[in-house]
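Values below: all heavy atoms of this structure, side chains included; hydrogens, waters and symmetry mates excluded. Convention: sequence-line order gives letters A, B, ...; per-chain numbering from 1.
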There are 2 protein chains.
Amino acid sequence: MSKHHTGDPDLGVLAAQVLFSVQRELFTALAEQGFDDIQPRTGAVLAYLRTDGIRASELARASGQHKQVIGTLVDDLERLDYVERKPDPADRRAKLIYPTERGLLQMEAAASIMRTIEQRHANALGAQEYARFKEALRRVAGLQREARADSQAPEHGQGG
Amino acid sequence: MSKHHTGDPDLGVLAAQVLFSVQRELFTALAEQGFDDIQPRTGAVLAYLRTDGIRASELARASGQHKQVIGTLVDDLERLDYVERKPDPADRRAKLIYPTERGLLQMEAAASIMRTIEQRHANALGAQEYARFKEALRRVAGLQREARADSQAPEHGQGG
DNA sequence: GTCAAGAGGTCACTAAAATTGACTATCAAG
DNA sequence: CTTGATAGTCAATTTTAGTGACCTCTTGAC
């Protein structure tokens with residue numbers, strides 16, 4: 001995002017650096033723990049799974065991906081035994097996507113790795129300062145979401 | 001990045017939300033200002049251009065993209081008159097990539113849009129709090145860079 | 001000097017992923 | 001019981017990413 005690189009990376013550049021380096025570290029660590037058959041792009045699904053199920057269309061909205069992309073990701077993850085589809089009793093058009101046992105293990109592993117990463121930053125910045133940073137990041141993310149609420153075309157994969 | 005989405009998005013998810021929504025807002029605004037022939041992925045080049053030129057290989061390192069990707073992006077941007085290649089006098093293997101006049105206009109437009117976006121967040125959080133947030137984000141980005149310094153394979157396009 | 005190792009960049013090819021459009025089934029409102 | 005919208009899938013196309021080979025040139029060792 002267009003800084004002249006003369007010293008002051010903008011919000012977008014920083015977000016990109018954080019996203020991609022976190023993503024790499026996460027998936028490297030996951031692979032070492034045996035989850036070596038998933039890629040960062042599957043994060044669009046894995047990052048939003050819930051034990052009580054979630055619809056593909058909601059994954060599409062949350063991750064900013066086309067529903068077709070979610071469909072193929074869920075296909076892949078189903079084949080790899082991370083998720084399963086079950087009909088939604090409340091709406092016969094819909095299917096709910098649930099994590100399998102392996103999916104749950106992955107979610108826990110990923111959460112643990114992310115805690116480690118964030119702990120490292122908390123140690124570097126100070127716990128209080130990091131908490132303050134993360135709260136601000138949450139607010140910025142929320143505000144940005146609103147700002148672009150008008151347009152709705154997907155952009156890219158989500159971090160996972 | 002695997003939160004159970006029960007209330008606490010992790011650093012990766014938040015970074016992704018910020019990146020993609022900023023990216024969309026930026027490129028929508030750029031398109032409205034006449035820069036409608038570039039896509040977010042070209043940001044891997046545009047975000048790192050310098051008036052004194054930069055090498056393709058350095059763009060690859062900075063953006064985390066394969067050098068072949070940078071090559072095609074520069075091809076495209078050269079065709080669209082945003083950049084031009086000139087031989088590097090210091091190394092006859094290398095070429096330096098410079099912004100053209102149009103490229104400079106794009107860079108200024110993008111910088112202005114990003115200032116507007118960041119100003120909006122600064123208004124929402126308070127100028128001081130936002131400055132503190134951004135400083136923390138810079139540090140987190142820097143720390144993450146170090147953490148993944150061992151592995152070096154590209155991951156995704158950079159924000160732009 | 002000149003030779004080996006490696007960096008900078010491009011080309012050609014293959015694989016993966018995003019994007020589009022159409023289509024079925026279902027729901028929800030009137 | 002019609003109309004319009006939503007959930008999901010299929011199929012086909014276009015874009016983009018990833019690999020390997022290749023040539024030029026630089027660097028450092030001899």
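- Within the structure, every side-chain polar atom (N or O) of B:Lys67 is placed at least 4.0 Å from both OP1 and OP2 of C:dA7.
- A salt bridge links A:Glu25 with A:Arg120; the closest basic N to acidic carboxylate O contact falls under 4.0 Å.
- One interatomic measurement links the two molecules: CD of A:Gln65 to C1' of D:dT9, which rounds to 17 Å at whole-angstrom precision.
- Here D:dG8 is the nucleotide among C:dG8, D:dT26, D:dG8 with the atom lying nearest to any side-chain atom of A:Ala94.
- For A:Asp37 and C:dA16, the CG to C1' distance is 17 Å, given to the nearest whole Å.
- Straight-line distance from the CG atom of B:Asp75 to the C1' atom of C:dG9: 11 Å, rounded to whole Å.
- Per the geometry, CD belonging to B:Gln39 stands 13 Å off C1' belonging to D:dT14, to the nearest Å.
- The pair B:Arg138-B:Glu135 meets the salt-bridge criterion, with a side-chain N (NZ, NE, NH1 or NH2) lying under 4.0 Å from an Asp/Glu carboxylate O.
- The distance from atom CG of A:Asp88 to atom C1' of D:dA7 is 10 Å, rounded to the nearest whole Å.
- For C:dA7, its base sits under 3.5 Å from the side chain of B:Arg93 at one donor and acceptor pair at least.
- The distance between atom CG of A:Leu73 and atom P of C:dA18, rounded to the nearest whole Å, is 7 Å.
- A salt bridge does not link A:Arg55 to A:Glu58: none of the charged side-chain nitrogens sits closer than 4.0 Å to a carboxylate oxygen.
- At D:dA17, none of the side-chain N or O atoms of A:Arg41 fall inside 4.0 Å of OP1 or OP2 (strictly under the cut-off).
- Using a 4.0 Å heavy-atom distance criterion, A:Asp91 is classed as a sugar-phosphate-only contact.
- Across D:dA7, C:dC27, D:dG18, the shortest atom-to-atom separation from the side chain of B:His66 is found for D:dG18.
- Between A:Asp37 and A:Arg79, none of the side-chain N atoms (NZ, or NE/NH1/NH2) sits under 4.0 Å from a carboxylate O, so this pair counts as no salt bridge.
- For C:dA25, the OP1/OP2 oxygens have no side-chain nitrogen or oxygen of A:Arg92 closer than 4.0 Å.
- As judged by a 4.0 angstrom heavy-atom cut-off over every strand, A:Val69 is placed among the base-contacting residues.
- Side-chain contact, B:Tyr130 with B:Glu118: a donor N or O sits under 3.5 Å from an acceptor N or O.
- OP1 and OP2 of C:dA17 both lie 4.0 Å or more from every side-chain N or O belonging to A:Thr72.
- In this structure, A:Ile38 places its CD1 atom 13 Å from P of C:dA17, rounding to the nearest Å.
- One can place CZ of B:Arg61 at 6 Å from P of C:dG8, the figure rounded to the nearest angstrom.
- One can find a donor-acceptor pair under 3.5 Å joining the base of C:dG21 and the side-chain atoms of A:Gln68.
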